K.L.:
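Have a look at this one before I ask anything.
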Amino acid sequence: MAGPKRKAELLPEDIGTDDCLTSYTHIYSPDLLKDQVAFVTGGGSGIGLRIAEIFMRHGCDTVIASRNLDKLKEAAKKLSAASGRRCLPLCIDVRQPESISAAVDETLKEFGRIDILINNAAGNFLCPASALSFNAFKTVIEIDTMGTFNTSKVVYDKWFKDHGGNIVNISATLPYRGQALQVHAGSAKAANDAMTKHLAVEWGPNGVRVNAVAPGPISGTEGYRRLGGTKAEAVGTFQSIPLQRAGNKTEMAHCTLFLASRASSYMTGAILVSDGGAWLTSPNDVSTLLGIASSKSAKL
Ligand code: HXC
Ligand code: NAP
């Protein structure tokens, strides 16, 4: 049935690689995060890199922190060149609290403050529960869930407890319907959503807000490639999403900016779903997902 013609949507600029935008139109005030400092885990690629970029384009300095220092150094150069703000690349493994502790000390030495923590680091792949090893399940829980707790606790103990701050966790909609082939990541993100609420309750009196963004399929990312996004798009699977398309990284960065800034000053403990309505209508059966899972990283 032909529906009414839709007005062309004004989507924010994006680019499918781990590069900065060649042009950017501000939606929020360019001074929204002026002279603040954000610590972004997994900020050297994908959604995390775009979050760092958009924050820097709003006046923020950033730390981007993950395991691969070469990748981070290259990303930091691009981010500073695009925004004119400072970006410090630091090596951490979110599974190792000592590595986070050293990076947070270095951040405070270099910038003198932390205003925002973005828990974006994660690991994922498609795998049926029956084929998942014990260590594979544990690995994803350790990166996604324990990594989020470890980083939040270190930043809270060293700075937020006495100065307040803003935490945004990057979640997913996988657990809402028990997404096929995703018991590891879905369980991890469900725990993170609970953690978001627990920490919001306990740390609110210290001036710390804790919220989350739950993206749907986001183009130009490792998650999209690993979870069969490119093939799903090609065979028209996204037509079943109410907004009939994948999201882009800049859209996720804008949601994150909203939660990390004074635009959301009375929000804490909230999970902001930004998925075009995908979780309500997208396919969720093992055979369909096995069909679209062309990613080389999927051990099926
Ligand atoms: C099944 C797998 C696997 C796969 C690894 N394992 N890849 N099992 N299918 N594709 C198993 C290994 O065999 C091993 O178990 C265990 O997992 C640990 O693997 P390692 O390679 O030793 O772990 P590590 O080096 O720590 O790497 C972590 C990782 C890796 C998660 C496995 O892929 C990674 O570093 N990922 C980071 C980038 C990433 O995943 N980005 C996408 C995020 S997207 P055994 O038993 O053999 O020892 C995302 C989207 C969410 O989160 C929602 C989307 C809608
Ligand atoms: P990505 O580029 O692979 O981002 C994950 C980042 O986490 C990488 O930069 C990686 O860097 C870092 N990381 C992984 N393990 C780490 C560890 N142990 N310690 C420190 N850093 C670690 O993938 P993405 O698709 O942009 O995903 C970003 C976030 O969005 C994730 O939280 C993901 O769950 C969420 N998400 C994505 C989608 C999507 O469609 N892409 C959908 C829903 C949710 P190093 O390799 O350098 O460590």
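Remember, it's 1-based here, ligands and their atoms both numbered in the order they're listed. None of these values were measured; they are calculated from a predicted model.
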K.L.:
Applying side chain to side chain donor-acceptor pair (under 3.5 Å) between Asn192 and each of Asp144, Asn169, Thr145, report the one that passes.
P.N.:
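Checked Asp144, Asn169, Thr145 against Asn192; only one passes side chain to side chain donor-acceptor pair (under 3.5 Å): Thr145.
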K.L.:
Give a yes-or-no answer on whether the side chains of Ser29 and Asp31 include a donor-acceptor pair shorter than 3.5 Å.
P.N.:
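Per modelled atom types, Ser29 and Asp31 side chains form no pair under 3.5 Å.
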K.L.:
Is the ring pair Trp159/His163 parallel, tilted or perpendicular, if the boundaries are 30 and 60 degrees?
P.N.:
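Judged by the thresholds at 30° and 60°, the geometry between Trp159 and His163 is parallel.
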K.L.:
Which ligand 2 atoms are under 4.0 Å away from a heavy-atom of Asn68?
P.N.:
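Near Asn68, meaning under 4.0 Å from one of its heavy atoms, ligand 2 has 47 (O).
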K.L.:
Is the shortest distance from a Lys or Arg side-chain nitrogen in Arg50 or Glu53 to a carboxylate oxygen in the other one below 4.0 Å?
P.N.:
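So Arg50 pairs with Glu53 through a salt bridge.
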K.L.:
Between Glu110 and Arg86, is there a side-chain N and carboxylate O pair less than 4.0 Å apart?
P.N.:
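Salt bridge flag = yes for Arg86 with Glu110.
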K.L.:
Starting at CG of Asp193, measure out to OG1 of Thr148 and round the result to the nearest 0.5 Å.
P.N.:
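It is 10.0 Å, given to the nearest 0.5 Å.
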K.L.:
N/O of Gln182 under 3.5 Å from N/O of ligand 1, yes or no?
P.N.:
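No, no N or O pair falls under 3.5 Å.
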K.L.:
Could you check which of Ile170, Leu227, Thr221, Asp275 puts a non-hydrogen atom nearest to atom 55 (C) of ligand 1?
P.N.:
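The nearest heavy atom belongs to Leu227.
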K.L.:
Does the distance from a Lys or Arg side-chain N to an Asp or Glu carboxylate O, for Asp105 and Lys109, drop under 4.0 Å?
P.N.:
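No, Asp105 and Lys109 are not salt-bridged.
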K.L.:
Does the residue Ala246 have a heavy-atom contact with ligand 2, meaning some pair of atoms that are separated by less than 4.0 Å?
P.N.:
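Contact check Ala246 vs ligand 2: negative.
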K.L.:
Parallel, tilted or perpendicular: which one describes the rings of Tyr24 and His58, with boundaries at 30° and 60°?
P.N.:
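If you compare the ring of Tyr24 with that of His58, the planes turn out perpendicular.
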K.L.:
Looking just at side-chain N and O atoms, do Glu13 and Thr250 make a donor-acceptor pair shorter than 3.5 Å?
P.N.:
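No, no side-chain donor-acceptor contact under 3.5 Å.
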K.L.:
Go through ligand 2 atom by atom and flag the ones less than 4.0 Å from a non-hydrogen atom of Gly42.
P.N.:
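Numbered from 1, ligand 2 contributes 6 (C), 7 (O), 9 (O), 12 (C).
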K.L.:
Any nitrogen or oxygen of Asp144, main chain or side chain, under 3.5 Å from a nitrogen or oxygen of ligand 1?
P.N.:
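No; every N/O pair is 3.5 Å or more apart.
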K.L.:
Does the N or O separation between Ala121 and ligand 2 drop below 3.5 Å for any pair?
P.N.:
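Between Ala121 and ligand 2, no N or O pair is found under 3.5 Å apart.
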K.L.:
Under 4.0 Å, heavy atoms only, figure out whether ligand 2 is touched by the backbone of Ser171, its side chain, both or neither.
P.N.:
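It is the backbone that touches ligand 2; the side chain stays farther off.
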K.L.:
Strictly under 4.0 Å, does any heavy atom of Asn124 approach an atom of ligand 2?
P.N.:
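It does not, in that no heavy atom of Asn124 comes within the 4.0 Å cut-off of ligand 2.
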K.L.:
Given that the side chain starts at C-beta and the backbone is N, CA, C, O, which of these parts of Cys127 lies under 4.0 Å from ligand 1, counting heavy atoms, or is it both or neither?
P.N.:
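Contact part for Cys127 vs ligand 1: side chain (C-beta onward).
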K.L.:
Can an N or O of Arg226 be found at a distance shorter than 3.5 Å from an N or O of ligand 1?
P.N.:
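For ligand 1, there is an N or O atom that lies under 3.5 Å from one belonging to Arg226.
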K.L.:
Based purely on interatomic distance, does Ile47 place a nitrogen or oxygen under 3.5 Å from a nitrogen or oxygen of ligand 2?
P.N.:
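Yes; the residue has a nitrogen or oxygen that sits under 3.5 Å from a nitrogen or oxygen of the ligand.
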K.L.:
Would you say Pro217 and ligand 2 have an N/O pair spaced under 3.5 Å apart?
P.N.:
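Not met; the criterion fails.
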K.L.:
Just to check, does Thr41 reach to within less than 4.0 Å of ligand 2 when the distance is taken from its heavy atoms?
P.N.:
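The answer is no, since Thr41 has no heavy atom less than 4.0 Å from ligand 2.
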K.L.:
Which bit of Leu132 is near ligand 1, meaning a heavy atom under 4.0 Å away: side chain, backbone, both or neither?
P.N.:
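Neither; no heavy atom under 4.0 Å.
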K.L.:
Please confirm whether Gly123 comes within less than 3.5 Å of ligand 2 when only nitrogen or oxygen atoms on both sides are compared.
P.N.:
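Not met; the criterion fails.
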K.L.:
According to the interplanar angle, ranging from 0 to 90°, do the rings of Phe125 and His184 count as parallel (below 30°), tilted (30 to 60°) or perpendicular (above 60°)?
P.N.:
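Rings of Phe125 and His184: parallel, under 30°.
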K.L.:
List every atom of ligand 2 that sits less than 4.0 Å from any heavy atom of Gly46, numbering the atoms from 1 in the order shown and giving each element.
P.N.:
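Numbered from 1, ligand 2 contributes 2 (O), 26 (O).
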K.L.:
Does the N or O separation between Glu222 and ligand 1 drop below 3.5 Å for any pair?
P.N.:
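No, Glu222 has no N/O under 3.5 Å of an N/O on ligand 1.
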K.L.:
For ligand 2, which atoms have a heavy atom of Tyr224 less than 4.0 angstrom away?
P.N.:
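Checking each atom against Tyr224, I get 41 (N).
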K.L.:
For ligand 2, which atoms sit closer than 4.0 Å to a heavy atom of Arg95?
P.N.:
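That gives atoms 18 (N) of ligand 2.
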K.L.:
In the single-linkage hydrophobic clustering (I, L, V, M, F, W, Y; side-chain heavy atoms under 4.5 Å), do Leu32 and Leu117 co-cluster?
P.N.:
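No: no chain of side-chain contacts under 4.5 Å links Leu32 to Leu117.
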K.L.:
Would you mind listing which atoms of ligand 2 come within a distance below 4.0 Å of any non-hydrogen atom of Ile92?
P.N.:
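In order of number, 19 (N), 20 (C).
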K.L.:
Out of all atoms in ligand 2, which are within 4.0 Å of some heavy atom of Glu222? Include the element for each.
P.N.:
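Listed by number with element: 1 (P), 3 (O), 23 (O), 25 (O).
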K.L.:
Does an N or O anywhere in Asn124 fall below 3.5 Å from an N or O of ligand 1?
P.N.:
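Yes; at least one N/O pair falls below 3.5 Å.
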